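Within every chain, numbering begins at 1; the chains are lettered A, B, ... in the order of the sequence lines, protein sequences first and strands thereafter. Computed from a predicted structure; not experimentally measured.
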Protein chains: 2
Amino acid sequence: MDAANILRNRGLRVTKIRVAILEALGEGLQALPYGDLQKKLSQFDRTTIYRTLLALIDKGLIHKALEENNESYYALCSDCTSNLHNHNHVHFKCNECSSVQCLHISKEVGLSIPEIVIDSIEITAKGTCSTCLLTH
Amino acid sequence: MDAANILRNRGLRVTKIRVAILEALGEGLQALPYGDLQKKLSQFDRTTIYRTLLALIDKGLIHKALEENNESYYALCSDCTSNLHNHNHVHFKCNECSSVQCLHISKEVGLSIPEIVIDSIEITAKGTCSTCLLTH
DNA sequence: ATCTTTTATGCAACATTGTTGCGTTTATGT
DNA sequence: ACATAAACGCAACAATGTTGCATAAAAGAT
């Protein structure tokens with residue numbers, strides 16, 4: 001399904017920047033920091049990028065993969081709905097090339113601690129990605 | 001051991017702001033966002049707080065517990081050295097009161113994924129803390 | 001206690017990102 | 001093509017991060 005139809009299905013109007021952001025995030029199937037998005041989409045106003053990201057997050061099309069060094073990384077959602085973001089996956093950042101990707105793992109990571117109630121767990125792993133392993 | 005001696009042991013000069021930050025983070029044994037530190041330490045310059053945090057992180061006395069909504073949360077280290085930050089713990093954020101604490105768990109969270117090498121894993125859990133469970 | 005030297009601090013300045021208001025433009029159904 | 005609700009672009013401001021540099025303070029030597 002192309003970006004335009006994805007947007008229509010979530011009740012969002014089809015605009016250039018929305019299509020552009022979905023395509024930008026879809027290219028490498030990896031998370032991009034805000035700064036990269038701004039460079040890629042320099043023909044659009046910064047505010048528009050900001051509000052578009054909010055809208056796409058709100059409708060469950062993208063998610064904030066991680067925040068690091070004051071940069072937010074955004075990635076496509078694989079199985080979120082307008083009502084529920086469902087991220088049972090690990091965010092992996094490569095220390096070599098700084099790329100961030102969502103790793104879909106089967107294993108559930110459970111965690112139980114007395115006296116507190118845990119609703120959700122976020123896991124961020126760091127290491128070396130497959131591409132960088134090959135080149136070094 | 002008091003803040004002054006902790007600083008001397010890591011080869012850091014004992015200054016007002018360093019003592020103040022260590023004491024601020026030591027009070028509730030919980031992580032504080034940068035903004036809170038700045039309010040608490042308003043008699044000091046913003047730049048000084050910034051550089052002091054860097055110095056304390058560098059020497060393994062404090063660590064950045066998490067970044068969320070463009071706020072960095074800082075907490076005391078329990079067993080880090082000048083050479084190695086060793087954080088085998090979970091960062092827990094309460095959705096009710098927004099407090100962040102380090103939970104020291106015994107369980108090791110292992111994760112293995114083909115084709116990549118994982119060096120470290122960070123876990124952030126969200127839910128309701130013991131204090132908020134009692135009051136609701 | 002004073003001096004010296006190294007280090008830390010405060011101030012100014014600028015970059016980046018987040019955020020809101022508002023007038024103008026655009027997307028979509030009629 | 002038109003009307004209208006929504007999105008966009010611009011201006012403006014806040015918060016945090018970051019650096020350079022002159023001044024002040026800490027630690028060891030005298």
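Within residues 33-45 of chain B, the residues that place at least one heavy atom under 4.0 Å from DNA chain D are, in residue-number order, B/Tyr34, B/Gly35, B/Gln38. Near-neighbour residues of DNA chain C inside residues 66-76 of chain A, defined by a heavy atom below 4.0 Å, number-ordered: A/Asn70, A/Glu71, A/Ser72, A/Tyr74.
Pairing each heavy atom of B/Val100 with each of B/Ala65, the nearest pair is CG1-CB, 4.5 Å. Closest heavy-atom contact between B/Lys126 and B/Phe92: C-CE1, 3.9 Å. Counting all heavy atoms, side chain and backbone alike, B/Leu37 lies closest to B/Ala24 at CD2-CB, 4.2 Å. Closest approach of A/Ala4 to A/Val14, counting heavy atoms only: O-CG2, 3.6 Å.
Residues B/Asn70 and A/Ser72 form a side-chain contact, since some pair of their non-hydrogen atoms from C-beta on lies under 4.5 Å apart. Proximity of A/Leu56 to A/Leu25: side-chain heavy atoms (C-beta onward) are nowhere separated by under 4.5 Å. For the pair B/Thr15/B/Thr52, no side-chain contact is recorded, criterion being any heavy-atom separation below 4.5 Å from C-beta on. Proximity of A/Cys97 to A/Cys129: side-chain heavy atoms (C-beta onward) are separated by under 4.5 Å at one or more points. Contact check for A/Leu12 versus A/Ile6: no side-chain heavy atoms found under the 4.5 Å cut-off. Inter-residue side-chain proximity for B/Leu7 and B/Leu61 is flagged as met; some heavy-atom pair is nearer than 4.5 Å. Considering only heavy atoms from C-beta on, B/Asp58 stays 4.5 Å or farther from B/Leu54 through its side chain.
A donor and an acceptor atom sit less than 3.5 Å apart, one in the side chain of A/Arg46 and one in the base of C/dG18.
In B/Gln43, the CD atom is crowded: over 12 heavy atoms of neighbouring residues, nucleotides or ligands sit closer than 6.0 Å.
If you run side chain to side chain contact (heavy atoms under 4.5 Å, CB included) between A/Arg51 and each of A/Leu53, A/Thr48, A/Ile49, A/Thr47, only A/Thr47 comes through. Just one of B/Glu67, B/Glu71, B/Glu68 meets the salt bridge (Lys or Arg N to Asp or Glu O under 4.0 Å) condition when paired with B/Lys93; it is B/Glu68.
Annotation: salt bridge (charged side-chain N to carboxylate O under 4.0 Å, His left out) contacts involving residues 10-34 of chain A, sequence neighbours excluded, comprise A/Glu27-A/Lys40.
Contacts between chain A and DNA chain D, taken as any atom within less than 4.0 angstrom of a protein heavy atom, begin and end at D/dA5 to D/dG17.
Across the protein-nucleic acid pair, B/Tyr50 atom OH and C/dA8 atom P stand 15 Å apart, rounded to whole Å.
Side-chain nitrogen and oxygen atoms of B/Arg51 include none within less than 4.0 Å of the OP1 or OP2 phosphate oxygen of C/dA8.
When heavy atoms are screened at a 4.0 angstrom cut-off, A/Arg18 is found touching the sugar-phosphate backbone but no base atom.
For the helix from C/dA1-D/dT30 to C/dT30-D/dA1, the rotation axes defined at the first and last 5 base pairs enclose an angle of 30°, given to the nearest 10°.
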> Going 5' to 3' along nucleotides 23-30 of chain C, which nucleotides have protein heavy atoms under 4.0 Å from the base (write B), which only from the sugar-phosphate (write S), and which from neither (write -)?
Replying inline: ---BBS--
